[in-house]
Structures are given as C-alpha cells and as structure tokens.
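Input: a single structure, listed below in structure tokens.
Note that the structure is predicted; figures quoted are calculated from it, not measured. Chain A is the first sequence line, chain B the second, and so forth, proteins listed ahead of strands; every chain is numbered from 1.
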Amino acid sequence: MSARTLRIVLIVLTTLGLAWASYLTYVHYSGEAPLCSLKGDPCEAVQTSVYSNLAGVPVALIGAIGYLLILGSLLVSDGETGRFATAALTLGGFGFSVYLTYREVFTLHKICEDCVASAVIMTILACLSVWRFLRGDPMVTGAGAALGEQGGGVESAATIGSA
Amino acid sequence: MLCVSSIEGDEGDLTRKQRREQARAERKAMEEAAVASAMRRTRLAQLGIAVGIVVVAIVVVLIATSGKSKSGIPKTAHEKNATVAEISSLIGGIPQSGNTLGSPTAPVTLEYFGDLECPICREFTLHALPSIIPQWVRSGKLRIEYHSMETATREPEVFKTQQVAALAAGKQNKAWNFIETFYHEQGEEDSGYVTEKYIQGIASQVPGLNLSEWSSDRNSSEYANDVTTDGQTANNEGFTGTPSFLIGHSGGAMSKLNYTSSPAEPAFVNEAVEKLLKS
C-alpha cells in the first residue's frame, strides 16, 4: 500500500470514527436510545452506566475529541512528527478502547455494539498508523499532499530524520 | 608488446576505478543502512515511550474508576448506624403504605421502576431522592411508588427474592426503609452478594420491623405476583433499563418520564412535578 493510499485510508477511517463518536455524544446528551438498543437493553445500560462518564466528561465526547485530534494530525503534516503524533494518538485511543471494553465485559457484563464498532475502528487506526510510522516512507510534499495528491517532490525519510 | 602493455594498463586503471566506485557504493549503502537502522531504533524508542505512557494512563484510569463499583456493604456497626440515621432523617415521619412513600392524597404520583441490584438506580436513590423527597414528598405534593423491573440482577430467582423481601417489609409500612437501606449498602454488580444472610442483614437495619412477621410475609404469593405484574407493566411501557419512570396526576393517566443526562440529577423530576402541579 502506497504512503498516499495509506494516508487516505486513515483519514477516511478517522472521519468515520468521528461521525460515530459524535452520534454517541448526541445520544448521551439527548437521552435518546442508541441505535443498538433497538435490539435490547445492553447498549442503553452501558451508555447510562457509571462508566459512561470519566471525571464528569462523557466517554463518547472524549472519543470524539480523540478522533478530531487524530484527524488534525493526519491533515496538518505528513512528516515524521505528524506520523508519530498520529501513531501516539491512535495508541492512546486504542488503550482507552481496551479500558472501555474491559469495563463492558468484566464489570458490566454487557456488550454495546455501538461501542464495539468504535473500538474496532480505533484498533484498525492504531495498527495502520503504527505501521505507517515504522515504515518511514518518503514524505509526500506539496500543496496537495493533505488531499493525497502527489506534490512537488519526494524527500527521503532518512533526510528528514537527519535534518 | 607496447600495445598489449597499454591495454593491460587501461584494464588495471578500469579495475581500480571500478573498485573505488564499488567501495564508495558499499560505503554509501552502509551509511544509508546505518541511518535507516538508527531511524528504526529511534522510531521504536518513540513508540515504546508512547505505549508506556498509554499503559500508565490506563492503569491510573482503572484504579480511579474502580471505586465506582465498589461495594456499599458496611463493614462496621458504626457505618450501619450512620446509614440507618441518614435514611431515618430522609424519610422518617413520611407516611408509607405498601410500596408507596408519601401522602395518599398527594396530587402527583411518580412510579419508580427499579432493580435493587441496579447501580444506576442507586445513583438516583442516593443522589436525586435526597433532594426530591424533602421538597415534594414531605410537603405532601408527591408520592412515590416503587415497582420492580429486572435488569442488573442476573438470576431471576434472586431478583424475585430480593424484591419480594422489600415488598414484604411494606406490609408493615417499612418498604422504603428496606429499599433505601438496600441501595445504600448495594454490593458490586454480579458479585453474587445478595444472599439470604445479606437480605436478613438489610431487614435487621429497618427500625421497628418485626422480623418474624416479615419472614412469614415473604412467603406470600401476593408479593411475587406484584413483582411479575410490575415486570409486565414495564414491558408494556417499552422500558429498556432501570431506573425508569411514569408520572402523572394521582389516579389519572401516567406518562413516561425520561431523564436527560443522569438520573442522579433531580431536575427532570422537579420540572415534571412543577408542570403537573400547575396543570
């Protein structure tokens, strides 16, 4: 997979995750039943449990902010720093997803499909962004880089690293 | 001979040049490999630091949030006395009848569907009710009926046993003391803490409850039927979790009452009661 394709995939997945987390934040504040609750009560039970907030902040909102930061790191820079920021943020998101899934499975004994969907997206994002960072592909530079267009030149990762 | 020597000299020069280029290429390749290796090590170290920070953060969050589900079961007699005193201060002197707390002539009725093992019901009972009861119930404007809906309790038999135990205390107009004590001393969800000893312990903390009468009343099929009927009502209303609520003018039609952010905030009840009292 080319560096350009990989970046586009990451941007698409992050946007999907952001939309999903924003929906869950809306559900939290509106008091409406989440979509997955149509199949039973576990989702609503999970999303209204004491673990649906962390220090008074809804976990769905924390997720939305996390996705927003990841999207920012993907759009702002394709350099070494940007790739590390994306990898670090997605690792943080993955860790948070592990914590929430642990609470669902071992504390609440209920599985919320909406939360699992977000955890799956975050896991894929973490794997891809760590792979992207470790590969150290040549950086695509130029005005269209953020949109995945091949820009004015290619700079080797080694050169970037030694700069 | 000269010609041959010249050719040999050219070949010797070419070989030296080739060797030099080859050596330069090898040196360059080694340098590039060394740079790439150093970069890889740097990247792995950076990721290692990031993973370390994430792991520490998860551990901190786990420790910080583990208190949320910790058992409320008191460990000392002093803690038990404090709970009894707190409950007496909240509901003491307020009329009780069966599963109802409040004046029989109160104009507004709130039906509270709960599971005694449900931690969110505990949030509502411990945080919202201490504001709702003094403002509306003690003043005779609201009465609260407790109904059963199984959610958090895993075993249907355990659910029925604990809910019936509360309703049986209602025969002596002490159901709300039992319910409040249960929620105050609620254990960790799914830990299997609700045993006969635990239920007896809750009952023993209800001031003035005749334990032998209560034990006898627990066998009445009336209360088991009430629990079943409550479950059917909750199902018909489409409730998907606890706590769930119905509210309306006493004796009139009841409407669903949803909480917006958290059942621990009493505002959703306050607003509904105010609206009904004005209408």
Item to check | Reference residue B:Gln205; test side chain to side chain donor-acceptor pair (under 3.5 Å); the match among B:His184, B:Lys80, B:Glu185 | outcome: B:Glu185

Next on the checklist: Please determine whether a side-chain nitrogen of the Lys or Arg among B:Arg43 and A:Glu80 lies less than 4.0 Å from a carboxylate oxygen of the Asp or Glu.
Outcome noted: yes

Item to check | Within residues 118-127 of chain A, residues adjacent to chain B where the heavy-atom gap is under 4.5 Å | outcome: none

Checklist entry - Less than 4.0 Å between a side-chain N and a carboxylate O, is that true for A:Arg4 and A:Asp78? => result no

Checklist outcome for this item: When the 4.5 angstrom heavy-atom criterion is applied to A:Phe133 and chain B, the contacting part is both

Next on the checklist: Which label fits B:Tyr112 and B:Trp176: parallel for a plane angle under 30°, tilted from 30 to 60°, or perpendicular past 60°?
Outcome noted: tilted

Checklist entry - For the candidates B:Ile53, B:Val54, B:Leu44, B:Val55, which exhibits the highest count of non-hydrogen atom pairs separated by less than 4.5 Å from chain A? => result B:Val54

Item to check | Close aromatic pair by centroid cut-off 6.0 Å: B:Tyr183 and B:Phe178 | outcome: no

Checklist entry - Taking the six-membered ring for Trp, are B:Tyr259 and B:Phe124 ring centroids under 6.0 Å apart? => result no

Item to check | Short side-chain donor-acceptor distance under 3.5 Å, B:Asp115 and B:Thr153 | outcome: yes

